[in-house]
Every structure is written in structure tokens, then in C-alpha cells.
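One-based numbering, in listed order, for ligands and for the atoms of each. Below, all heavy atoms of this structure are taken into account, side chains as well, without hydrogens, waters or symmetry copies. Numbers for residues simply follow the sequence, beginning at 1. Keep in mind the model is a prediction, meaning the values are calculated, not measured.
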Amino acid sequence: MSEDRKQRQRAEHHADDPREGPLTTDQGVVVDHTDDALSAGERGPTLMEDFHFREKLTHFDHERIPERVVHARGAGAYGYFEPYASCGAFTRAAFLQDPSVRTPVFVRFSTVQGPRGSADTVRDVRGFATKFYTSEGNFDLVGNNMPVFFIQDGIKFPDFVHALKPEPHNEIPTGASAHDTLWDFVSLQPETLHMMMWLMSDRAIPRSYRMMQGFGVHTFRFVNARGESTFVKFHWKPKLGVHSLVWDEAQECQGRDPDFNRRDLWQSIEAGEYAEYELGVQLVPEWDEFAFDFDLLDPTKIIPEEQVPVQPLGRLVLDRNPENFFAETEQVAFHLGNVVPGIDFTNDPLLQARLFSYLDTQLIRLGGPNFSQLPVNRPVAPVRTNQRDGYHQSAIHSGTSYSPNSLGGGCPVIGGAGGGDGGVFRHHAEHIDGAKIRRRSSSFQDHYSQATLFWNSMSDWEKEHIVQAFRFELGKVGSVSIRERTVQELSNVDEGLAGSVAEGIGVARPEQPAVQHHKLCSPALSQESLRGDGSIRTRQIAVLVTAGVDAVQVREMREALSERGAVVEALAPHDGTVSGSDGQEHPVDRALPTVASVLYDAVLLPGGGPANARELAGDDAVIRFVRDAYRHGKAIGALGSGVGALATLEPRGLHIAGDGAGTVSDRGVVTDTADGLASVDFVHAFVEAVAAHRHRGRPRLLC
Ligand code: HDD
């Protein structure tokens with residue numbers, strides 16, 4: 001083990017290295033036997049005095065802690081953040097000043113509804129929570145992959161979550177929103193509509209955590225060294241672009257690989273393909289607080305990027321997997337109240353409620369007030385408090401624990417006492433004047449305009465997917481009156497949308513909407529505008545190989561694709577090896593029955609002669625693989641005799657290369673009948689087809 005790593009482990013309170021000595025008890029007593037309990041005779045009763053047995057089982061019985069009430073299922077990674085330039089004009093936050101300073105981070109991605117063991121690819125919001133371990137203390141940006149939220153005031157959070165969670169009598173459904181209680185709530189609470197539009201869109205089924213946006217959602221404040229405040233909304237933009245699964249794929253993934261997103265994050269980091277996001281901000285000067293036709297404090301609203309552009313601030317790179325899921329990803333404790341000098345709150349009522357809820361939840365979840373001493377939660381900034389004792393206290397404090405004191409020399413002294421600021425947090429002195437009331441501001445009353453804006457901004461295929469999602473979800477709702485009420489609400493977003501949904505779920509088209517619709521749109525909201533760097537990095541490409549395959553062609557294609565960062569795997573009807581046309585045995589990466597097209601981004605059918613083509617075209621697993629890839633709009637390549645095999649499969653109505661036609665590319669199906677090495681044209685066309693991610697113009701598509 002490297003000295004660096006050893007030091008880090010020591011610093012992070014790692015367990016003693018199991019390779020450096022024998023098994024012990026929790027007290028450090030060496031144990032020589034752990035497979036049989038101490039008993040009175042070989043066939044006699046177990047003895048109470050067996051402290052090793054009792055300790056082992058007691059610890060095991062206490063292994064679980066309460067899972068998070070929401071966002072229970074997640075995956076995390078470490079990395080760093082670096083700003084592009086100083087943001088001193090807007091914020092004094094130390095980690096946003098110097099491009100040469102890297103701030104360590106831990107990020108946890110999550111789904112909201114399902115329990116810890118639920119599947120990754122369910123239709124749900126994804127959490128995107130980032131802990132910045134800054135030199136001035138921890139800053140937690142606890143966001144989602146959607147820029148708005150379901151409700152406007154946190155006092156409604158328990159109502160919303162109770163409606164979203166499985167039905168109370170039978171705990172169905174797991175990890176899904178298609179059930180009566182959620183839609184009952186939604187249909188009665190119109191402020192949810194904007195977020196429901198996002199939830200019904202493909203944003204709710206991301207292809208990868210590395211390919212989704214993140215948003216701080218609320219309007220926060222930046223405060224600079226002069227004490228001047230600027231409203232700010234935080235945005236994360238993934239370098240690889242925003243890509244989603246299609247619903248049919250997402251559903252199959254739940255069975256084929258319930259860990260699909262978690263595995264993708266883990267494997268790409270292990271492979272040195274680090275997830276990267278750009279942090280951007282929308283800045284609004286204080287004097288423009290009322291310049292919008294919505295309230296900046298309303299978390300069900302976005303600021304359209306066309307109105308206030310997102311300014312890039314810096315980049316986040318996730319480059320290290322945790323070593324122990326429980327110790328790190330499960331025990332990480334985020335809290336909106338973890339801010340640093342230069343970042344402050346607004347009076348967004350949802351944000352204000354969160355400021356209470358996160359600390360409170362950690363107390364029960366992590367069993368006491370000392371959770372910030374856990375390695376994953378511990379700030380890198382020094383911690384000097386007068387807080388003492390409590391469950392799981394692991395610091396050994398000495399001296400006094402009150403202030404003021406003289407016996408401890410007055411320590412710890414109050415920050416900034418000497419006049420300088422020295423990284424002191426001072427709450428922004430916002431002027432507040434008002435009566436104590438329980439009333440939603442009238443500026444929070446428009447629940448439809450931005451839901452309509454979102455709908456208007458979608459491309460045709462995105463609209464189609466949203467309609468299908470509403471039909472699926474409401475089609476699972478038993479109560480006809482809930483279906484009708486929801487459709488009536490949708491008519492306030494768009495009558496065409498409401499009509500199409502009504503038709504699909506067998507209810508009458510809604511009556512006149514209660515509001516007039518506008519035609520505004522924000523192109524930045526469509527996934528069409530978020531395609532990323534256009535590379536094929538980390539894309540999973542399956543090469544279907546059978547006996548007689550042209551192994552040299554496969555090797556060359558593998559090299560060409562890997563060079564561009566794709567992950568290429570040879571799949572065959574069976575594991576082990578296949579014999580190539582060169583007479584040699586070539587290793588198979590995976591057997592087809594253990595995988596499925598939904599786990600890959602593209603498929604290639606190489607050449608190899610008539611026997612190879614016959615075997616490819618006659619294998620049920622191959623047929624299904626290619627058919628699914630085709631219907632899900634994925635890139636398909638075929639070379640030499642592989643083209644013949646492809647032609648007998650799915651792609652009806654497409655232009656496929658005939659003899660001597662060279663490379664032909666039609667809606668993501670790239671073919672070339674030439675035998676031997678693939679031409680440069682073929683490689684380029686196939687790479688382009690993979691980079692496009694989906695090809696939506698094909699007949700009989702499921703995407
Ligand atoms: Fe929350 C967890 C994001 C509203 C109360 N929330 C949690 C996590 C994320 C979010 C990403 C998982 C953190 C992790 O990985 O450990 N939550 C949001 C966003 C919201 C939001 C973006 C709206 C803008 N949340 C919200 C409200 C409340 C909560 C209004 C309560 C008033 N959230 C919680 C919680 C959780 C939580 C119950 C569960 C586990 C935890 O905090 O640590 O306190």
C-alpha cells in the first residue's frame with residue numbers, strides 16, 4: 001500500500017488493516033475459532049460465556065440504521081471542485097476564489113421514492129447532493145436533477161411524501177409513482193403540476209448519473225466581501241450531455257440490472273473515466289428581485305435561461321469510489337444549513353423548512369448529535385466547539401466547554417473579534433418586516449404558466465414520451481375520478497396534452513381550461529439542446545460474435561472504438577471462447593443469456609462468412625438483442641456477412657448496403673458488405689451513429 005494511501009486511511013479513521021494480524025474481538029483479543037459457538041459438549045447447548053459469539057451476533061443484529069425517509073437508494077463518489085476564475089465580485093466563499101485551489105467533494109446521487117434495495121432505473125427524481133469540504137467549513141448543495149420542486153412550502157412535505165410512498169395498506173408500488181395516492185394528491189394540489197411535467201419526461205429515467213443535470217432548485221444568495229448580496233440559482237451541467245433511457249428500456253433494466261446507474265458510476269470511475277460536471281450560476285441583482293412574472297422565492301419556478309443566462313463557474317470531477325458503502329455513502333449526512341461565508345439563504349418557504357428537516361433527520365438516522373465526526377462528514381476545516389458528549393462521541397476534548405470562560409484562557413475565542421473577517425460567517429442582514437400569518441403569498445399563485453412553458457419547449461419525441469408517461473401512470477390509477485381530475489388539471493397546461501392523455505386512459509376529454517395558454521418556450525429546457533461534447537466516451541458497445549467470426553476485423557473495430565473511449569464487449573451465445581475465421585480461439589466477454597441489449601448503447605454485427613451469418617441470424621438471443629437495439633433507436637453496425645444477418649432481422653424500411661455499395665448509413669443503421677477490415681468511412685459513420693445516442697426516425701420504434 002502506498003504511503004499516501006496509508007496516511008489517508010489513518011486520517012480517515014480507517015479500521016486496522018486485516019492483513020496485518022489475526023482476527024480479534026472488538027476489544028482486540030485474538031480469536032482462534034469463529035465457526036463454532038462454545039458449547040457444553042459436542043452436541044450440547046451453547047454457553048452464555050462465549051463472549052465472541054455474543055459480540056458477533058449482537059453487532060450483526062445492530063448493523064442496520066434507519067434508511068433515509070426519502071432518497072434511501074443512492075450511490076456516491078469522491079472528487080474535487082475547481083473554479084475557473086475568482087468569483088469575488090459576487091461571493092466571498094473561499095472555495096470560489098482561486099482557480100489553483102481544488103476543494104475535495106463527496107457527491108451522492110439517489111432516487112426518492114424507493115427503499116435502499118429498490119431498482120435504479122425507476123421513473124423518479126434523482127438526488128444530486130454535493131458536500132464541498134472547503135477551507136472555511138462544509139458547504140452542502142443538496143439538489144435534484146430537476147430544477148423545480150413539487151410543493152412550495154415545506155410544511156406540505158410530509159403530505160407529499162406520504163402520497164408518493166407506497167400505498168399504506170399493502171406497501172405497493174416499490175420505487176414507482178404510478179398509484180392512486182400520489183395522483184390523488186397531485187390532482188388536488190396544482191402547484192405540483194410543473195414538477196409533474198418534469199417527472200413524466202425522460203429526465204426521470206437518466207441513462208447515467210454522469211449524464212444528467214443537477215440543480216440547487218431554490219434561489220440562494222451570494223454575499224461578497226463588501227456584504228452585497230446577489231440572488232443565485234445553482235446548475236450542474238454534465239460534460240457528456242444529458243441522455244435518458246427510454247421507458248421500455250428502463251423497465252427491462254429493472255430486472256436485467258437493478259444496479260444499472262450505480263454500476264455505471266462505479267465502473268466508469270474504476271476505469272479512469274471520471275464523471276465531470278460544470279457548475280454554473282444564474283445571478284440576479286437584488287434590485288431585480290421583482291423583475292419577473294413569477295416569484296424568485298417560489299421553488300416551483302425556474303428562471304428561463306434565455307432571460308438570465310447560466311454563467312460557468314467551475315468544474316466538478318468525480319474520480320474516486322468509496323471504499324465502504326455503509327461507512328461513506330450510507331452515513332454521509334447532508335444539510336442545507338451547511339453553508340460557508342459568502343453563501344446565504346433566501347426566504348423561500350421550502351428552503352426554510354429544509355433548514356430544519358435535514359439536521360433533525362440525521363439525529364435519528366445516525367443515532368445522536370456527533371455524526372459530523374464520521375469520516376465522510378468531517379470538515380477539513382478545524383472544528384473548535386463547546387458542544388460535548390452525546391452518543392458516539394469520538395473526540396477526546398479537554399479543558400472548558402463554556403463561553404465566556406477565564407479558566408480556559410477564553411478559548412475558543414469568538415471569530416472576527418480582532419476586527420478582521422478571518423472566514424467568519426455573518427448572516428446577511430436582510431430587512432424583515434411583517435405580520436405573523438399562515439398564508440401563501442399571492443405571487444405564488446400561478447401554477448400553470450411554467451408547466452406550459454416546459455411543454456411548449458419540448459421536441460416532438462419528448463412530447464410523445466410525456467404523453468405516454470401520463471398514460472402509463474394514470475392508467476395504473478384505479479380511481480376514475482382521480483384520472484378525470486388530473487386530466488382536467490392538465491388542460492390548464494395544454495389542451496392537446498390533456499386530450500391525448502384522456503384518450504389513452506379512457507376518460508372524457510376535459511372541459512374548457514380554467515386559464516389561457518401562452519405560446520412561450522425556452523429551448524434550453526429540451527434535451528435536444530443538451531447533447532454534450534458529442535463524444536462516444538464510456539458508451540457500451542456490444543459486438544456479437546459466433547463461430548467463424550472475422551477476428552481481425554473485430555480486433556480492429558474494438559481498437560478504433562476503444563481509442564475513442566467506448567467500452568467494447570464481445571458477446572456470444574455461450575461463455576468461454578469462439579473460434580475465429582483465422583482458426584484461433586478468441587475470448588468472449590459475456591454470454592448473451594447473462595446480458596441484454598438494454599444494457600448497451602450500440603451493437604455491431606461483424607462479418608465472418610456464411611456460417612457465421614447463419615448462426616447470428618438463427619440465434620434467438622441475437623435476434624432479440626438486435627431487435628431491441630433497433631426499436632430503442634440505438635446505433636447498429638454490420639460488416640460483411642453480418643449485413644446479411646442484419647437484413648433478416650428487424651430493420652424494415654431502411655436502406656441497407658447491397659453488394660459493393662460501400663458504407664451506407666440510414667437512421668443509425670450503418671452497414672458495409674465489404675469483407676475484411678472496416679473502412680475508415682464505416683468507422684466514422686458508426687462512431688457518429690453511436691454519438692447521436694438515439695435515432696428516432698425508424699419505423700416501429702419504442703422510443
Ligand atoms: Fe430533501 C434528503 C433533495 C425538499 C427533507 N433531499 C434529500 C436528498 C436530496 C434531497 C438530494 C438526499 C441527500 C443524501 O444523498 O443523503 N429535497 C431535495 C430537494 C428538495 C428537497 C432538491 C427541494 C428543492 N427535502 C425537501 C423538503 C424536506 C426535505 C421540503 C422537508 C421539509 N430530504 C429531506 C429529509 C432527507 C432528504 C427527510 C432524507 C434523508 C436526509 O434528508 O438526509 O430530511
Above 12 or not: heavy atoms from other molecules or residues under 6.0 Å from OH of Y391?
no
Would you say CD of E270 has more than 12 non-hydrogen atoms from neighbouring residues, nucleotides or ligands within 6.0 angstrom?
yes
Taking atom 41 (C) of ligand 1 as the reference point, the nearest protein heavy atom with its distance
T361 CG2, 3.4 Å
Which of the ligand 1 atoms, numbered from 1, are nearer than 4.0 Å to a heavy atom of V217:
22 (C), 24 (C)
Heavy atom of the protein closest to atom 3 (C) of ligand 1 (residue, atom name, distance)
R354 NH2, 3.3 Å
Show me which atoms of ligand 1 lie under 4.0 Å from any heavy atom of H218.
24 (C)
Minimum distance, heavy atoms only, to atom 32 (C) of ligand 1: which one of G74, P349, S357, P66 is it?
S357
Is there at least one pair of N or O atoms, one from R108 and one from ligand 1, spaced under 3.5 Å apart?
yes
Parallel, tilted or perpendicular for F160 and F157, by the 30°/60° rule?
tilted
So that I know where these two stand, are F132 and F81 an aromatic pair - ring centroids less than 6.0 Å apart?
yes
Less than 6.0 Å separating the ring centroids of F215 and W236?
no
closest protein heavy atom to atom 11 (C) of ligand 1 is G143 O, 3.2 Å
Has ligand 1 got any nitrogen or oxygen that is less than 3.5 angstrom from a nitrogen or oxygen of R68?
yes
Please identify which of these residues, V148, I466, N145, meets the side chain to side chain contact (heavy atoms under 4.5 Å, CB included) condition with W198.
V148
Any salt bridge linking D360 with R365? Criterion: basic side-chain nitrogen under 4.0 Å from a carboxylate oxygen.
no
Considering only protein heavy atoms, which is closest to atom 23 (C) of ligand 1, and at what distance to one decimal place?
F149 CD1, 3.3 Å
Per-atom contacts, ligand 1 versus V70 - under 4.0 Å to a heavy atom
33 (N), 37 (C), 39 (C), 40 (C)
Can you list the atoms of ligand 1 that are under 4.0 Å from a heavy atom of L350?
23 (C), 24 (C), 30 (C)
Decide if the gap between the ring center of F220 and the ring center of F231 is smaller than 6.0 angstrom.
no
Quick one: nearest non-hydrogen protein atom to atom 10 (C) of ligand 1, plus distance?
H71 NE2, 3.2 Å
Hey, which atoms in ligand 1 end up nearer than 4.0 Å to a heavy atom of F334?
13 (C), 14 (C), 15 (O), 16 (O)
Centres of the F90 and F222 rings: under 6.0 Å?
no
Between E82 and R102, is the salt bridge (charged side-chain N to carboxylate O under 4.0 Å, His left out) condition met? List the steps.
CA-CA 5 Å; E82 56 192 13; R102 281 187 172 180; 2.9 Å; yes
Within Y358, is some N, O or S atom less than 2.8 Å away from atom 1 (Fe) of ligand 1?
yes
In the protein, what heavy atom is nearest to atom 29 (C) of ligand 1, and what distance, to one decimal place, separates them?
F157 CE2, 3.3 Å
Is it the case that ligand 1 has an N or O less than 3.5 angstrom from some N or O of N144?
no
Quick one: does Q362 get within less than 4.0 Å of ligand 1, heavy atoms only?
yes
Before we go on, tell me: are the rings of F425 and H427 under 6.0 Å apart, centre to centre?
yes
